Amino acid sequence: MILTALSAVFPLHQPVAIFLVVLLVILCGPLIFRRLKVPNVVGLIIAGVLIGPYCFNVLERDASFQIFGQVGILYLMFLAAVEIDMYHLRQNIGKGLAFGLITFCLPMAAGIFGARWAFGTGWSTSVLIASMYASHTLISYPTVSRLGLQNTKGAVIAVCGTIVAVLLALLALAEVVTVRVTGNFNWSDIVRLLVLAVIYAAGVLYSFSWLTRWFFRKFNDSLSQFIFILAEVCAASLLARVIGLEAIVGAFYSGLVLNRFIPSRSVLLNRIQFVGNAIFIPYFLIGVGMLINVHVIFQGWGVGWVALNMTCVALGAKWLAAYAGSRLFGLSSTERGLMFGLTSGKAAATIAATMIGYQYGLLNEDIMNGAVVMILGCCLVSSLVTERVALKLRIRLTEDELHQENIAEVTHYARQLVAVANPVTAASLMKFAMLMRYRDNQYPITALYVRRNDDAVSVANGRRALNTAVETATAVDLGVKDIERFDFNVVAGVVSTVRENNCTDIIIGLHHRTTVVDTFYGQLIEQLVAGTHKMIFILRCYIPVDTIRRLLVVAPRNAEYERGFQVWVERVANLASQLGCRVVFLAYRTTIDYIRRIVAEQAYEIRAQMMPMDTWEDFILYSPNIDSDDLLMVITARRGSPSWSGDLDALPSFLSRHFKNQNLVVIYPEQFGGNAAGQ
């Protein structure tokens with residue numbers, strides 16, 4: 001009676017009930033399996049097996065799992081591309097392509113000859129089975145991302161190799177089906193696909209870059225930007241399917257194209273990661289588990305033998321590929337394990353190959369069931385290996401960081417003060433401050449609004465600006481201390497706050513000239529420069545900071561003799577690293593030598609170009625080359641300091657005359673080295 005009653009209730013069909021069960025699995029599954037020391041990824045897959053139609057039959061694998069699951073695998077590939085630092089990708093792209101060929105060719109060879117020997121299949125079926133071994137899915141990538149290892153050599157090489165291996169495996173699958181249907185092999189189809197792929201890559205690169213830059217400048221709220229990015233990912237995936245590529249290739253490529261528009265410390269990336277890790281990726285993993293029929297293991301020795309053979313060959317070939325790749329590229333055994341863990345999982349492409357092979361009669365029922373068990377075994381091994389080696393690698397990297405000699409002397413962690421009064425510019429000032437910080441800087445940012453009267457409009461605008469700045473910082477889980485203070489003298493209020501909070505940097509917006517006699521900097525900034533020796537960043541940015549394409553940094557003669565020289569170089573390098581853009585240093589030859597040394601010693605992974613200048617006029621001659629997408633950063637100095645000269649005396653009028661419409665940052669480095677009040 002009880003079983004009959006339950007069979008009448010399950011599987012659930014009511015949408016709210018289905019979604020509730022999925023949410024409970026996403027919430028409780030990792031908590032339960034974590035106590036059993038089972039990785040989250042494995043836990044979600046096992047949970048999918050348990051609630052799926054082949055076990056307790058709580059849920060059917062309905063349209064919601066197909067839709068959310070498909071979006072989940074696209075999201076997984078997109079995140080893998082977005083979270084890669086483009087500098088690391090450029091450094092390892094050749095190795096990634098080579099590893100992709102290795103991790104495709106070895107499993108293909110093992111699969112073809114292994115299937116013919118073990119199962120006695122024909123050549124077409126053997127190639128199909130081999131394509132299952134060669135393809136893989138980054139099913140354990142969330143573990144790598146969670147531990148912050150996405151930019152290690154092993155991870156970058158494995159992610160790049162994934163696209164190569166999957167693309168070649170799908171080409172092999174397509175040709176097997178073509179031979180099955182038409183009876184012959186057609187090279188023209190491959191040539192046509194390659195031509196379309198080149199056109200697709202160029203079209204997506206230029207159109208998506210232009211559209212994203214335009215949209216981000218028109219719409220600055222993170223919600224609209226998130227929807228726009230998600231739409232682009234789906235569009236790139238759909239276009240890839242149209243020309244004959246797999247959708248995951250399009251999702252990964254769109255992530256590479258959009259990478260530079262999504263800084264690692266931004267509200268947008270925070271929301272992308274949150275939605276993916278909370279809904280789409282868990283849905284995909286649960287859906288994978290629901291496909292697996294564990295009962296086939298007990299259907300006879302035939303299925304068990306096939307499943308064992310396929311699992312061992314698939315994992316063994318991927319391990320050999322990771323071993324060969326690590327030896328070829330000089331990687332450690334830990335990174336070898338990371339490469340193996342990432343490339344041994346099976347899901348999307350393997351499931352597709354299994355279904356297609358069975359549909360066209362290339363696979364019998366035993367091999368199809370064995371392939372399903374192989375998918376489960378490979379997913380479990382991939383997740384367990386990745387979790388183990390990733391933790392080991394994270395511990396090793398952390399120990400290396402802690403044991404660096406004199407790290408406190410060479411790393412200058414910013415204690416920033418962002419002074420706001422205008423709600424329109426408050427978010428951009430805070431973003432600029434966040435992008436200049438070291439990623440592991442734990443000091444909170446101080447957001448300050450100083451009011452000097454009780455005018456209702458001014459106070460309302462100031463408080464709105466302060467709230468905007470705070471929301472921008474807290475959206476990326478960054479600590480912020482908001483201060484509203486009353487002072488008849490705004491500069492005195494800023495300087496007092498700097499002293500009370502031991503701030504190192506002051507970020508403030510460049511004022512708008514309202515009268516003919518008004519100066520370029522304005523009276524407030526001029527008083528602030530005279531009132532403190534702390535580093536000051538004066539910002540005017542007409543476009544969102546994260547759409548900047550190039551930084552142009554101009555330094556005066558003897559800039560290296562200022563106390564704050566190394567610090568501003570570090571701030572600029574952090575900004576270039578976060579934005580993923582090129583930075584051009586235009587400075588005197590001696591200064592360039594010092595800049596180059598700091599960049600090398602601190603191991604900044606940026607694209608830095610050094611342009612020596614002999615006189616200040618070289619900067620004036622270069623100024624027509626500055627575009628609206630560039631950020632001009634001019635290093636100046638206080639009067640009487642080592643780098644002060646008559647050229648800097650004329651700088652405000654020069655900037656006012658020639659750079660009215662350019663994005664601009666004027667930097668006053670910390671000077672005189674004092675620790676007195678106000679400094």
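The basis for the numbers below is simple: all heavy atoms, side chains too, and nothing from hydrogens, waters or symmetry mates. The model shown is predicted, which means the values in this text are computed figures rather than measured ones.
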Checklist entry - Tyr604 vs Tyr438 aromatic rings, parallel, tilted or perpendicular, using cut-offs 30° and 60°? => result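 Correct class here is parallel.
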Going by heavy atoms in the side chains, are [X] and [Y] under 4.5 Å from each other?
X      : Y      : value
Val389 : Leu393 : no
Val476 : Leu269 : no
Arg260 : Arg213 : yes
Ile248 : Leu74  : yes
Arg336 : Leu331 : no
Thr125 : Ile129 : yes
Leu435 : Asn574 : no
Met374 : Tyr133 : yes

So, using salt bridge (Lys or Arg N to Asp or Glu O under 4.0 Å) as the criterion, who are the partners of [X] when residues are at least two apart?
X      : value
Arg271 : none
Arg582 : none
Arg549 : Asp629
Arg327 : none

What distance separates [X] [atom1] from [Y] [atom2], expressed to the nearest 0.5 Å?
X      : Y      : atom1 : atom2 : value
Gln91  : Glu605 : CD    : CD    : 7.5 Å
Thr212 : Leu258 : OG1   : CG    : 4.5 Å
Ile375 : Met132 : CD1   : CE    : 8.0 Å
Phe252 : Ile84  : CZ    : CD1   : 5.0 Å
Ile272 : Leu230 : CD1   : CG    : 8.5 Å
Phe78  : Phe280 : CZ    : CZ    : 12.0 Å

What side-chain donor-acceptor pairs closer than 3.5 Å can you find for residues 155-165, not counting sequence neighbours?
from   : atom 1 : to     : atom 2 : distance (Å)
Thr162 : OG1    : His136 : NE2    : 2.8
Thr162 : OG1    : Ala158 : O      : 2.8

Checklist entry - Are Gln578 and Arg439 close enough, and set up right, to give a side chain to side chain contact (heavy atoms under 4.5 Å, CB included), and what steps lead you there? => result CA-CA 9 Å; Gln578 291 271 10; Arg439 296 180 185 181; 3.4 Å; yes
Checklist entry - With Phe219, which residues qualify under ring pair (Phe, Tyr, Trp, His ring centres under 6.0 Å), at least two apart? => result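 Result, ring pair (Phe, Tyr, Trp, His ring centres under 6.0 Å) vs Phe219: Phe215.
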Item to check | Residue pair Leu170, Ser135: steps toward the side chain to side chain contact (heavy atoms under 4.5 Å, CB included) verdict | outcome: CA-CA 8 Å; Leu170 292 172; Ser135 67; over 6 Å; no
Item to check | Non-neighbouring partners of Arg146 that pass side chain to side chain contact (heavy atoms under 4.5 Å, CB included), sequence neighbours left out | outcome: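 Arg146: side chain to side chain contact (heavy atoms under 4.5 Å, CB included) contacts with Thr143, Glu387.
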Next on the checklist: So, using side chain to side chain contact (heavy atoms under 4.5 Å, CB included) as the criterion, who are the partners of Ile26 when residues are at least two apart?
Outcome noted: Val22, Pro282, Ile286
Is there a donor-acceptor contact under 3.5 Å from the side chain of [X] to the main chain of [Y]?
X      : Y      : answer
Ser237 : Val233 : yes
Thr311 : Leu308 : no
Arg394 : Leu147 : yes
Asp630 : Asp627 : yes

Item to check | Neighbour count above 12 (heavy atom, 6.0 Å) for Lys95 NZ | outcome: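 Yes, because the 6.0 Å sphere around NZ of Lys95 holds more than 12 heavy atoms from other groups.
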Checklist entry - Take atom CZ in Arg90; do more than 12 heavy atoms of anything else shown fall under 6.0 Å from it? => result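 Result for CZ/Arg90: enclosed.
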Checklist entry - Considering residues at least two apart in sequence or located in another chain, which fulfil the side-chain hydrogen bond (donor to acceptor under 3.5 Å, both in side chains) criterion with Thr343? => result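 For Thr343 there are no side-chain hydrogen bond (donor to acceptor under 3.5 Å, both in side chains) partners, ignoring immediate neighbours.
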Checklist entry - With sequence neighbours left out, which residue pairs that include part of residues 97-117 fulfil the side chain to side chain donor-acceptor pair (under 3.5 Å) condition? => result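 Residue pairs passing side chain to side chain donor-acceptor pair (under 3.5 Å), neighbours aside: Thr103-Lys318.
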Next on the checklist: Can you pull out every side chain to side chain donor-acceptor pair (under 3.5 Å) where at least one residue sits in residues 276-288? Sequence neighbours excluded, please.
Outcome noted: none
Do you know the tightest heavy-atom contact between [X] and [Y]?
X      : Y      : result
Cys378 : Leu315 : SG-CD2, 3.8 Å
Cys379 : Lys346 : SG-O, 3.0 Å
Gly69  : Phe284 : O-CD1, 3.4 Å
Ala390 : Leu149 : O-CD1, 3.4 Å
Ala321 : Phe99  : O-CE1, 3.5 Å
Ile139 : Ser382 : CG2-OG, 3.8 Å

Could you pull out every donor-acceptor pair under 3.5 Å between side chains of residues 195-208 and any protein atom, sequence neighbours left out?
from   : atom 1 : to     : atom 2 : distance (Å)
Tyr200 : OH     : Ala236 : O      : 2.8
Ser207 : OG     : Gly203 : O      : 2.5

Item to check | Pair Leu268-Asp546, side chain to side chain contact (heavy atoms under 4.5 Å, CB included): steps then yes or no | outcome: CA-CA 10 Å; Leu268 180 57; Asp546 46 14; 5.8 Å; no
Item to check | side chain to side chain contact (heavy atoms under 4.5 Å, CB included) between Trp319 and Val381, intermediate numbers included | outcome: CA-CA 11 Å; Trp319 186 89; Val381 170; over 6 Å; no
